Amino acid sequence: MYKTHTCGELRTEDVGKTVKLAGWVHRRRDHGGVTFIDLRDRFGITQVVFDSQTAPQAHQAADALRMEWVIQVEGIVRKRPPGSENPALATGEIEVAAQELRVLNSAKTPPFLIYKDEEIDEHTRLKYRYLDLRRERMRRNLELRHRVVKFIRDYLDERGFWEIETPILFKTTPEGARNYLVPSRLHPGEFYALPQSPQQLKQLLMVAGVERYFQIARCFRDEDQRGDRQPEFTQLDIEMSFVDREDVMQLVEDLFTKLVAAVVPEKRILASPFPRLSYREALERFGKDNPDLRYGLELVNVTDLMHNCGFAVFEQAIRSGGSVRGINVKGCGEYSRKQIDELTEFVKQFGAKGLAYIALPHEGEVRSTFAKFLSPEVQAALFERMRAEAGDLLVFIADKDKIVFEALGRLRVHLAEKLGLIDENVLAFCWIIDFPFVVWNEEEQRWDPSHHLFTAPMPEDIPLLDTDPGRARGQQYDLVLNNYEIGGGSIRIHDRALQEKVFKLIGLDLEVARERFGHMLEAFEYGTPPHGGIAPGIDRICMILAGEPNIREVIAFPKNQAARDVMAGAPSPVEPKQLEELHIRVELPATVQKS
RNA sequence: GGUCCCGUGGUGUAGUCUGGUUUAACAUACGGCCCUGUCAAGGCUGAGAUCGCGGGUUCAAAUCCCGUCGGGACCGCCA
């Protein structure tokens with residue numbers, strides 16, 4: 001046995017015991033006659049003392065120790081001399097007086113300091129991820145993620161769910177994200193696809209009568225990276241039979257409420273029950289369907305006031321079917337022209353042509369590009385609608401709704417960050433419901449499903465599918481937390497006739513549908529229960545709970561922005577023999593030089 | 001496919017805008033020596049960067065320009 005205790009567990013009760021500890025040399029403080037080693041393992045840090053008087057041999061041996069050497073120490077636990085306790089350490093009341101030292105392994109000087117929580121170039125961190133993971137920040141994140149997943153497993157198990165694994169090698173689905181493909185050796189020219197999610201399989205498990213299924217499921221999407229997107233990521237995949245929308249939402253809400261209390265008790269849930277916003281309301285008030293509810297700065301629709309306001313830019317936008325909306329940026333009335341220009345540049349990124357403003361630096365003073373066009377009545381109505389007071393800055397965008405929402409929604413987040421309105425300890429969960437069932441695809445001149453093919457429409461909206469599909473709502477729900485969509489789900493179609501109606505609506509030929517989803521359609525004919533589910537993203541949830549800026553920080557071995565594993569060097573070329581076996585010939589694009 | 005930002009000893013930064021004052025500075029880590037109560041230990045001392053790479057402008061380039069590579073943020077994409 002290498003250790004009798006971990007480096008995090010010795011306390012004053014253990015004083016007098018002879019113990020063995022093993023771990024890494026975290027820090028070393030050599031005072032000549034006495035040397036202190038902070039010995040670290042996954043569980044904590046314990047101070048080990050090498051004294052030249054009482055243990056001269058061990059003391060001499062300790063002279064050679066360097067950072068990150070792996071050692072074993074045998075010694076006696078003793079209380080630290082009064083005044084030398086370290087309250088920053090859980091084991092800070094005691095120390096281990098070393099009698100014997102055994103070096104288990106020496107270590108090269110690491111490329112960065114393990115004990116220091118400084119920002120290191122991420123490429124270096126990823127290249128030496130196994131060292132990066134030794135650092136406290138990463139250790140904490142790994143533990144948090146373990147706690148989250150463990151809590152979820154226990155919670156769902158207690159409620160009768162089974163965790164069932166579904167295949168990683170599955171069938172390609174041309175819809176949605178680009179697939180990762182795996183060539184088949186046994187079937188030349190054919191490919192498996194890695195699942196974007198176990199969507200079809202979990203529905204088939206419902207046909208199978210499982211009733212309550214979950215999986216901590218790895219999903220794969222071959223799309224470009226973002227801070228909250230990796231080529232492979234993990235979803236909590238849930239599917240239930242004999243449930244309606246309300247049942248799924250209640251379960252998930254209860255799960256996350258209890259999870260937060262258990263895993264991150266220092267965080268506060270903003271509102272419980274979670275607020276529910278219709279898709280339309282989310283856009284109207286926040287400009288996006290993943291709104292951050294931790295602060296105000298809500299959008300205000302002033303279109304009706306601006307119909308004949310005299311300001312041509314506004315009038316024209318309204319005449320071409322658009323709207324005029326604004327945000328009251330409280331307390332920024334004294335923004336300089338330069339500061340407002342910066343905001344204008346910001347919204348231009350998202351298609352806005354400009355940013356109109358009315359600054360109210362002081363009582364009675366108005367600074368604006370367009371206020372002069374407004375009649376006193378319109379101006380008064382505008383100020384009232386926007387609850388404008390002296391000291392405020394009102395900003396407006398006039399355009400098509402899509403652009404107004406996008407630009408103001410982004411501006412709202414930008415302003416909140418800039419003005420420091422975000423409380424990092426608050427978790428603002430909310431539900432977005434009543435999504436449009438289908439959205440018009442201008443390019444292809446047809447309706448696309450807004451969620452996925454098997455999502456059920458609201459029962460009362462089924463007649464609309466024939467008359468006015470754009471107005472039909474789906475039985476879909478998104479779970480949103482602090483500016484991130486952390487999960488989406490729906491009640492599925494379990495009726496063959498309705499499913500065919502939907503295929504028809506979105507222009508999916510029945511023959512093609514059979515080819516791609518024949519197994520689903522056939523399965524549905526053998527007695528399919530009403531069912532639905534949801535799939536919260538584990539990485540994003542952990543990222544937010546850990547207070548991290550991207551999901552790489554909560555993934556042990558993530559890929560970089562170019563989808564590379566820089567530690568192992570994946571992807572990589574393969575041996576010609578391997579390609580031969582797979583019946584694959586590589587043709588590089590002209591821009592890539594052959595090496 | 002596109003836009004923006006970054007690249008200086010092992011690590012983190014300064015210097016770059018405004019070229020010469022630099023023998024490229026500081027901290028930390030690293031080597032050696034001293035030191036019995038530290039916990040960011042301390043003191044003395046030493047070594048370590050042709051400034052990502054290539055080209056150009058110039059009497060002179062870490063600094064300006066072009067290209068390229070690497071990294072990050074974002075748009076497109078992500079049912």
Side-chain angles (χ1 to χ4, degrees), chain A residues 26-40 45-56 59 63 66-68 78 80-89 91-92 95 97 108-128 131-132 135 173-179 196-197 199-200 219-231 233 345-346 348-351 406 410 414 435 437-439 441 447-455 474 476 485 488 490 502 506 508 516 535 537 549-550 552 560-562 564 566 591 593:
Chain A
H26 193 58
R27 310 217 56 170
R28 187 175 74 104
R29 292 177 295 281
D30 183 354
H31 287 238
V34 63
T35 299
F36 299 95
I37 297 288
D38 288 339
L39 189 62
R40 183 195 77 239
I45 288 174
T46 299
Q47 176 167 280
V48 177
V49 187
F50 294 89
D51 194 316
S52 55
Q53 300 264 293
T54 56
H59 176 262
D63 203 41
R66 291 296 179 272
M67 268 196 288
E68 299 305 308
R78 71 184 184 205
R80 293 197 186 190
S84 65
E85 300 87 358
N86 184 352
L89 285 183
T91 60
E95 63 194 10
K108 284 166 69 172
T109 302
F112 47 81
L113 298 176
I114 307 299
Y115 66 81
K116 210 168 172 182
D117 197 19
E118 65 186 339
E119 287 292 322
I120 312 289
D121 174 62
E122 199 172 348
H123 188 255
T124 309
R125 288 177 60 202
L126 291 180
K127 186 171 172 193
Y128 299 96
L131 296 179
D132 189 33
R135 305 203 302 161
T173 48
E175 293 77 20
R178 195 175 295 114
N179 287 131
Q196 298 172 26
S197 84
Q199 183 59 39
Q200 295 182 28
C219 306
F220 306 85
R221 296 181 187 174
D222 186 3
E223 298 292 350
D224 286 356
Q225 311 308 298
R226 290 290 186 280
D228 61 352
R229 273 160 40 187
Q230 281 272 299
F233 61 100
E345 282 311 304
F346 181 83
K348 279 184 177 168
Q349 291 177 72
F350 308 104
E406 171 84 5
R410 299 278 194 153
H414 179 70
F435 281 83
F437 183 62
V438 287
V439 291
N441 184 329
W447 295 101
D448 279 343
S450 84
H451 187 45
H452 62 64
L453 284 168
F454 304 109
T455 298
Q476 184 195 339
E485 183 206 316
S490 65
V502 170
I506 62 175
L508 185 56
R516 287 180 198 165
N550 66 65
R552 296 186 298 275
N560 72 3
Q561 192 163 51
R564 277 194 183 282
V566 295
T591 47
Q593 285 193 346

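Keep in mind the model is a prediction, meaning the values are calculated, not measured. Letters A, B, ... mirror the listed sequences (proteins, then strands); counts begin at 1.
Under the Watson-Crick and G-U wobble criteria, each requiring two contacts below 3.5 Å, nucleotide B:rA73 is paired to B:rU3. Taking a pair to require two hydrogen-bonding distances under 3.5 Å in either a Watson-Crick or a G-U wobble arrangement, B:rU63 remains unpaired. In this structure, B:rG10 and B:rU28 make a Watson-Crick or G-U wobble pair, each of the two defining distances being under 3.5 angstrom. B:rU16 is unpaired under the Watson-Crick or G-U wobble criterion, no partner having all donor-acceptor distances under 3.5 Å.
Heavy atoms of A:His123 sit under 4.0 angstrom from primed sugar atoms or phosphate atoms, though from no base atom. Residue contacts shown for A:Ser450 are limited to sugar-phosphate atoms, with no base heavy atom under 4.0 Å away. Among the atoms of the strands shown, only primed sugar atoms or phosphate atoms (P, OP1, OP2) are found under 4.0 Å from some heavy atom of A:Pro449. Within the nucleic acid shown, A:Glu485 has no heavy atom closer than 4.0 Å to any nucleic acid atom. Residue contacts shown for A:Arg40 are absent, as no nucleic acid heavy atom lies under 4.0 Å away. Nucleic acid contact class of A:Gly227 (heavy atoms, under 4.0 Å, all strands): sugar-phosphate only. Residue A:Gln225 is classed as having no contact, given no heavy-atom separation below 4.0 Å to the nucleic acid.
Two residues are said to be in side-chain contact when any heavy atoms from C-beta on lie closer than 4.5 Å; A:Arg564 and A:Leu126 fail this criterion.
Residue ring and nucleobase are stacked for A:His31 and B:rA41, with a centre distance beneath 5.5 angstrom and an angle between planes beneath 30°. Aromatic stacking is not marked for A:Phe112 over B:rU11, as the cut-offs of 5.5 Å for the centres and 30° for the planes do not both hold.
Checking B:rU38, B:rG76, B:rA73 against every side-chain atom of A:Gln561, the shortest atom distance belongs to B:rA73. For A:Asp121, taking side-chain heavy atoms from C-beta onward, the closest of the listed nucleotides B:rC39, B:rG71, B:rA29 is B:rG71. Here the nucleotide nearest the side chain of A:Lys116, chosen from B:rG12, B:rC39, B:rU28, is B:rU28. The side chain of A:Asp30 approaches B:rC35 more closely than any other nucleotide in the set B:rA41, B:rC78, B:rC35. Considering only the side chain of A:Leu113, B:rU28 comes nearest among B:rG70, B:rC39, B:rU28. Closest to the side chain of A:Arg29, from the set B:rG37, B:rU28, B:rA41, is B:rA41. Considering only the side chain of A:Arg66, B:rG32 comes nearest among B:rG32, B:rU38, B:rC78.
A salt bridge links A:Arg29 with A:Asp38; the closest basic N to acidic carboxylate O contact falls under 4.0 Å.
Note: CG (A:Asp228) to P (B:rG72) measures 15 Å, nearest angstrom. Between the C1' atom of B:rA73 and the CD atom of A:Glu122 lies a distance of 11 Å, rounded to the nearest Å.
Side-chain nitrogen and oxygen atoms of A:Tyr115 include none within less than 4.0 Å of the OP1 or OP2 phosphate oxygen of B:rU28. Residue A:Arg28 places no side-chain N or O under 4.0 Å from the OP1 or OP2 atom of B:rC39. Dashed line: the shortest gap from a side-chain N or O of A:Arg410 to OP1 or OP2 of B:rC75 is under 4.0 Å.
No donor-acceptor pair under 3.5 Å is formed between the side chain of A:His59 and the backbone N or O of A:Val49. For the pair A:His452 (side chain) and A:Phe454 (backbone), a donor-acceptor distance under 3.5 Å is present. Put simply, the side chain of A:Gln196 gets close to the backbone of A:Ala177: a donor and an acceptor are under 3.5 Å apart. With A:Arg552 contributing its side chain and A:Gly227 its backbone, the two residues share no donor-acceptor pair below 3.5 Å.
A donor-acceptor contact under 3.5 Å is not formed by the side chain of A:Arg221 with the base of B:rC78. Between the side chain of A:Arg552 and the base of B:rG71, no donor-acceptor pair of N or O atoms lies under 3.5 Å. Side-chain atoms of A:Glu118 and base atoms of B:rU28 include no donor and acceptor less than 3.5 Å apart. Scanning atom types as modelled, one donor and one acceptor separated by under 3.5 angstrom connect the side chain of A:Arg229 and the base of B:rC77. Judged by atom type and distance alone, A:Arg226 reaches the base of B:rG76 through a side-chain donor-acceptor pair under 3.5 Å. Taking only distance into account, the side chain of A:Glu223 never meets the base of B:rG76 through a donor-acceptor pair shorter than 3.5 Å.
Dense packing is recorded around CD of A:Glu118, with more than 12 heavy atoms of other residues, nucleotides or ligands lying under 6.0 Å away.
Map A:Arg27 and A:Met67 each onto its nearest nucleotide of RNA chain B; the residue landing nearer the 5' end is A:Met67. Summary of the strand contacts: A:Ile120 and A:Leu126 both lie near RNA chain B, and taking for each the nucleotide with the nearest heavy atom, the more 5' one is attributed to A:Ile120.
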